[in-house]
Novice: 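Questions regarding the structure given below will be posed in turn.
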Amino acid sequence: MFRQKLQPLVLLLISSLLLSTGLALAHGGAEETEMDPKLLVEQSVAFLQAEPSKIDEASANLTEVLELETAEQVNLELVQAATVALGQGAIPEAVHLLDRSLGREAETLGPVVEVNLNARLYIAMITALLLTALGAWGLGRRSVSATH
Amino acid sequence: MVNAKKSTGFWQALDERVGISELKYHVPEHAQGLGYSLGGVTLVSFVILVITGIWMGQFYNPMPETARESLLYIISSAPAGFFARNLHYWAANAMLLTALLHMLRVLYTGSYKRPREANWLVGVALLALTIGLIFTGSALKWDQEGLEGLAHNVEIAAVLGGVGGWFSPSFTDSVPILTRLYIAHVSVLPVLLFVVFAVHALLIKLQGLAPNAFASRDATTHKTAGEPSKATFLGHLGAVGLYSLIGLGIMVFLAIAVPAQLGPAPVEGIEVTKPWWMFLPIFTVENWVGLGGLVWASAAIFIALAIVPFVDRSPYLHPARRKGVLIAYGLLALLLIGLGIYSKIAPGAAHLGM
């Protein structure tokens, strides 16, 4: 009986042990390597799109690009303009300029999927409601027949 | 009257050939409730995933250069592509959610107890396969989140050493790792899941559904297969079908009203996204201690689940007689939910040495 009462505690101890083993694992830092300017600009765009709070990381990347004398596949003038825009907190404009500096059309914030309701989707929505109602009606009937 | 005779004749003929009446064997009466139908509802979600997945497979190209483009084609132009993708997304959410609720019900009612320990382990394996399917699926959409998921996959392979060889891009030069994840997602994992599910169902048939834990405070575990009852397995299937119909209705509605999103085009070398909700708890551990924590935390969770029947050996089913184990696992569940919420609101961290 006493052993049975102890078992949940043993379980917790094992779980905690395994979790703490994980916590004890530290991971090493990354080695610094010279980055491709195009990749640095792409990273800045991604930072600004996905996590605007990482504006400092994006700016640091752009500074690194601007320190280069030449940068293939990147228009440094537009990167400079984007840096100015970023300094003014104009993130969408900066993203647009950076996209243009890479010679591509802006894909601001990725292709957000929107719902364009058309007749077919209305029919699908009505079907969805009917399916739910049919299921609920069937369960109700089963419940009634079970009580009789 | 004539119609009724014809109908009876038709069903008799059909039954004679496919044996529908064989499904009318007795099952405990509590099998008709929602709690005991969640496993079946999970299976129905899997069937929806297979059907919508086959449809999307006609338009998806699993090569890294074209994967995103083909997904954009599915969303914007492919016949019923928008609907199929969104239904696939919501069915994946539903499958994991109902599987977790099913496991919670089994845990709460002590249905894992002797002689059902092996079947509990089979259920844990099914959960692992389900999570594997969700992980591989989330990488296939090939946006920033998908790329970061794949990068985690590669780094975990390095942490695992020789065991993780298959997950590494260096496994072969002839097929990109994204394509191999696609193969895993559409063939290896679904086939494995189907085989393991067959074992799960076979064991339930052999042992019968677990007895009602709330029949009395002294209810004990035993085999119920062959015990007389007013309920039949066919009736249980009917209940599963009706609950699934409600679930399908909700999924179809959500597929139209709340479509699955697609993030920005992937950029290598940065970590700026957070994973899907089911990975958030271990993402927090990873934030704290790095990639190794992800592996160890996952292992700890699955080991904690696997040992349930071996630490709770008493024959009693009523929750009041199993307070210790229920409190222990309740705390574990709360810890995971807390870690998930914290991960959602806390800023992300880079783990991949990028």
Novice: Looking at A:Q43, A:E42, A:M125, which one has more heavy-atom pairs under 4.5 Å with chain B than the rest?
Specialist: A:Q43

Novice: Under a plain distance cut-off of 3.5 Å, with no hydrogens placed, do B:T273 and B:Q144 share a side-chain donor-acceptor pair?
Specialist: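 There is no such pair between these side chains.
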
Novice: So which of A:G135, A:G138, A:A133 has the biggest tally of heavy-atom pairs under 4.5 Å with chain B?
Specialist: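 Of the candidates given, the most pairs with chain B belong to A:G135.
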
Novice: With rounding to the nearest 0.5 Å, note down the distance linking OH in B:Y112 to CG in B:D312.
Specialist: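 Rounded to the nearest 0.5 Å, the OH-CG separation comes out at 3.5 Å.
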
Novice: Among B:V252, B:L294, B:I246, B:V258, which has the most heavy-atom pairs under 4.5 Å with chain A?
Specialist: B:I246

Novice: To the nearest 0.5 Å, how far apart are CD in A:Q49 and CD1 in A:I91?
Specialist: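 So the gap between those two atoms works out to 11.0 Å.
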
Novice: I'd like to verify something: which residue of B:L245, B:D143, B:I250, B:L326 has the highest number of heavy-atom pairs under 4.5 Å with chain A?
Specialist: B:L245

Novice: Which distance, rounded to the nearest 0.5 Å, do you find between the CG of B:L248 and the OG1 of A:T132?
Specialist: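 Here the rounded value is 8.0 Å.
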
Novice: So which part of B:I75 gets closer than 4.5 Å to some heavy atom of chain A, the side chain, the backbone, both or neither?
Specialist: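 Side chain only.
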
Novice: Taking only Lys NZ, Arg NE, NH1 and NH2, and the carboxylate oxygens of Asp or Glu, determine whether B:K274 and B:E148 approach each other closer than 4.0 Å.
Specialist: no

Novice: What option among B:S244, B:G247, B:G249, B:S76 has the most heavy-atom pairs under 4.5 Å with chain A?
Specialist: B:G249

Novice: Between the side chains of B:T220 and B:K113, does any donor sit under 3.5 Å from an acceptor?
Specialist: no

Novice: How many angstroms lie between atom CD of B:E29 and atom OH of B:Y36, to the nearest 0.5 angstrom?
Specialist: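 That separation rounds to 13.0 Å.
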
Novice: Salt bridge (Lys or Arg N to Asp or Glu O under 4.0 Å) for A:K38 and A:D36? Distances and angles first, verdict last.
Specialist: CA-CA 6 Å; A:K38 185 174 176 240; A:D36 167 24; over 6 Å; no

Novice: Which residues in residues 81-91 of chain B have any heavy atom closer than 4.5 Å to a heavy atom of chain A?
Specialist: B:F82, B:R85

Novice: With a 4.5 angstrom heavy-atom cut-off, could you sort out which part of B:A239 is near chain A: side chain, backbone, both or neither?
Specialist: both

Novice: Roughly how far apart are A:L48 CG and A:S59 OG, rounded to 0.5 Å?
Specialist: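 It comes to 7.5 Å.
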
